[in-house]
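Only one structure is covered here, and it is reproduced in the block below.
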Amino acid sequence: QKEVEQDPGPLSVPEGAIVSLNCTYSNSAFQYFMWYRQYSRKGPELLMYTYSSGNKEDGRFTAQVDKSSKYISLFIRDSQPSDSATYLCAIGATSGTYKYIFGTGTRLKVLA
Amino acid sequence: DGGITQSPKYLFRKEGQNVTLSCEQNLNHDAMYWYRQDPGQGLRLIYYSQIVNDFQKGDIAEGYSVSREKKESFPLTVTSAQKNPTAFYLCASSRSVTEAFFGQGTRLTVV
């Protein structure tokens, strides 16, 4: 079993839709959860991070963590064509080192 | 502007040749990382370093080597022992576990 599982998509939605992107993880030792956005042929850009169960909001983006289910989500409201990218979840732990495990990424296309 | 600079953006390697990818950061971050990205496989950790003159192997270190002589720099050498080096290579740095920042990547192709 992979440490982080993420549906690769592609996911196509109309402009203005609410998008839900999800990851599951297997090891409860991981304490930090991040979402990155990656445009084609570019480096990933950090969108949000959180370390507690519950919701964290930043503009049109909401990150949600459910540690009991080992499930993390990213919601995008009022999606725009400029949101079309690959979204990567990442989990981290501080057990002596800063290490990150990345999901495979979900490719999102927002249609105008 | 603070950030991470990777160079070159595109690199071509001949069979049996070693090549070095550059990564420089001016964010004053202690930790630096190299990842390899292949289609459908996400990011896989090659090497990471938490302090100068110290580094650890990641999940796919075979055929790669690194050095960390300065805090700002973490070059990656792809050696001839790496049999399938064609990929997108990403360098990252962080000061904490919640803030890893990436460069724009180097696309390496074997010709």
Chain B heavy atoms under 4.5 Å from [X]: which part of the residue, side chain, backbone, both or neither?
| X | answer |
| --- | --- |
| A/Gln38 | side chain |
| A/Arg41 | both |
| A/Pro44 | both |

B/Arg13 atom CZ, neighbour heavy-atom count above 12 within 6.0 Å: yes
A/Lys42 atom NZ: more than 12 heavy-atom contacts under 6.0 Å: no
Need one label for B/Leu45: side chain, backbone, both or neither, based on atoms under 4.5 Å from any heavy atom in chain A. side chain
Measuring heavy-atom distances to chain A, does B/Gln6 have an atom under 4.5 Å in its side chain, in its backbone, in both, or in neither? neither
Joint hydrophobic cluster, [X] plus [Y], side-chain heavy atoms closer than 4.5 Å:
| X | Y | value |
| --- | --- | --- |
| B/Ile60 | B/Tyr35 | no |
| B/Tyr47 | B/Val52 | no |
| A/Val13 | A/Leu21 | yes |
| A/Phe75 | A/Leu46 | no |

Check: B/Ala100 main-chain N/O paired with A/Tyr36 side-chain donor or acceptor under 3.5 Å: yes
Can the ring centres of A/Tyr100 and B/Tyr33 be said to be less than 6.0 Å apart? yes
Would you give the length of the straight line joining atom OG1 of A/Thr104 to atom CD of B/Gln37, rounded to the nearest 0.5 angstrom? 10.0 Å
